[in-house]
Amino acid sequence: MTKTLLLLPGDGIGPEVTAVARRVAGRLINQGLDLAVEEAPFGGASIDAHGVPLTEDTLARALASDAVLMGAVGGPQWARQSYDTRPEAGLLGLRAGMNVYANLRPARCFAALAEASTLKRVFVEGLDILFVRELTGGVYFGSPRGVETLPDGQRRGVNTHVYTTSEIQRVARIAFDLARTRKGEVVSAEKGNVMEAGLMWREEVQALRDAEYPDIKLSHMLADNMAMQLVKYPKQFDVILTDNLFGDILSDEAAMLTGSLGMLPSAAIGDAGKPGLYEPIHGSAPDIAGRGVANPCASVLSLAMALRYSLGAPALADKVEAAVEAALNSGARTPDLGGTLTTAAMGDAILAGL
Ligand code: NAD
Ligand code: IPM
Ligand code: MN
């Protein structure tokens, strides 16, 4: 049966990098993949066309597809928009609407890029970390939230970090299951030294491990220490489990270990059988948008993750990843990796491997 991939190109460099992933999907379709590729408005582009970042129609189409590939959202032109109508709110709404509570962010350093990182080769060569970031809870979603003006004229801003046992267990289960396919080790990050909800996170993760995953080696690390350890000796980590906020920050940090933020793909998944949301971890990069120089690798690698986790084509996922690796081995580089190729030319180099 034909599977459906819904593209949400979004804003800034989002459409530029998604165009390359679309060409890769087109090549696989020409080679026999039974896939229909569709597109819908999202983010700032949807605000401009429809007044809201996520229309009911786009959410319905996302839920009806097998996989969604998002580009990036946001930009200065929408930054003065009221908070809940900004492009970023549309992305949070899409994640919640699709119930994709586990965000897999693999930080893998391709051999050809061991010199592209700002860290020395010896620390990043062979690096292969998998972040499992909780994606639909925590401080990005908790209430109360908002800004109020106090009687004395000051403003008071509030966001609430909140998790329940089941929210922690379902994402931890995914981390433990994935660890079983890797080294059987998980490090969980929180701030249990100063946050009650952080200590509870630690206790719930440990209790689940003790009850259901005695074969997994679980350790806990305070998130500030983890930020330091990631640049001190990153290869100590295999699977890292985090809440929504710490996972957002630590995965951007880890991206630099792989050479560029433009290299990191992600897969947001939920309960089995439901569509997944695939997206580069980078944003809309307003500083380079429109110049055709963005690195498309994260988008293409996100397509590979969609092939693996939602489109039932793991062999094609391997093939796409191998094509990215071959392009890098041949010396193809966008400016963020120290090269001079345009986004489209980097796409040509990847397609050459398919
Ligand atoms: P960003 O990730 O857009 O950019 C950070 C830096 O990395 C910039 O210098 C940028 O040029 C560079 N960069 C990012 N992706 C790149 C790529 N593929 N190739 C080459 N260089 C790349 O973060 P920001 O500037 O803090 O945020 C810009 C906007 O994007 C904001 O509105 C933010 O909310 C949004 N954002 C969206 C997402 C998303 O849609 N998933 C993620 C992060 C940020
Ligand atoms: C990311 C982004 C998003 C997040 C924003 C744009 C909502 O930073 O995907 O990493 O914070 O999750
Ligand atoms: Mn982020």
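Along the sequence shown, residues are numbered consecutively beginning with 1. Ligands are counted one by one from 1 in listed order, and the atoms in each one are counted from 1 as well.
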Are side-chain N/O atoms of [X] and [Y] paired as donor and acceptor at under 3.5 Å?
X	Y	answer
Gln206	Asp210	yes
Ser284	Asp11	no
Thr55	Asp57	no
Glu279	Ser302	no
Tyr163	Glu134	yes

*If you count the non-hydrogen atoms of other residues, nucleotides and ligands that lie under 6.0 Å from CD in Glu148, is the total more than 12?*
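Check passes, neighbour count above 12.
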*asked:* Atom CD of residue position Gln31 - does it have more than 12 heavy atoms of other residues, nucleotides or ligands inside 6.0 Å?
replied: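 Yes, the 6.0 Å shell around CD holds more than 12 heavy atoms from other groups.
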_Please tell me whether Val68 and Leu33 are part of a single hydrophobic cluster in this structure, the criterion being side-chain heavy atoms less than 4.5 Å apart._
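No: no chain of side-chain contacts under 4.5 Å links Val68 to Leu33.
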*Which one of Asp248, Asn103, Leu94 has a non-hydrogen atom at the shortest distance from atom 2 (C) of ligand 2?*
Asp248
*Report the member of His282, Glu279, Arg105 with the shortest heavy-atom distance to atom 1 (C) of ligand 2.*
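Ranked by closest heavy atom to atom 1 (C) of ligand 2, first place is Arg105.
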*Check each of Leu104, Leu311, Leu69 against Met305 using the side-chain contact (heavy atoms from CB on, under 4.5 Å) test, and report the only one that passes.*
Leu104
*asked:* Restricting to N, O or S, what is the name of the atom of Asp248 that lies nearest the Mn ion (ligand 3)?
replied: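 This residue's closest N, O or S atom turns out to be OD1.
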*Quick one: look up the protein heavy atom nearest atom 9 (O) of ligand 2 and list residue, atom name and how far away it is.*
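Ranked first by proximity to atom 9 (O) of ligand 2 is Arg95 NH2, 2.7 Å.
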*Distance to 0.1 Å, residue and atom name: give those for the protein heavy atom nearest to atom 5 (C) of ligand 2.*
Leu91 CD2, 4.3 Å
*Measuring from each atom of ligand 1, which residues have a heavy atom under 4.0 Å away?*
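Those residues closer than 4.0 Å to ligand 1 by some heavy atom are Ile13, Met70, Ala72, Val73, Gly74, Gly75, Glu88, Leu91, Leu261, Gly262, Glu279, Ile281, His282, Gly283, Ser284, Ala285, Pro286, Asp287, Ile288, Ala294, Asn295, Asp336.
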_Nearest atoms (heavy-atom pairs only) where Ser251 meets Arg105_ =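 In terms of heavy atoms, the two residues are closest at OG-NH1, 2.9 Å.
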*Residue portion contacting ligand 2 (non-hydrogen atoms closer than 4.0 Å) for Met70*: neither
_Quick check on contacts: which atoms of ligand 2 are under 4.0 angstrom from a heavy atom of Glu88?_
6 (C)
*asked:* Check for me whether Arg133 has a heavy atom closer than 4.0 Å to any atom of ligand 2.
replied: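 A heavy atom of Arg133 does come that close to ligand 2.
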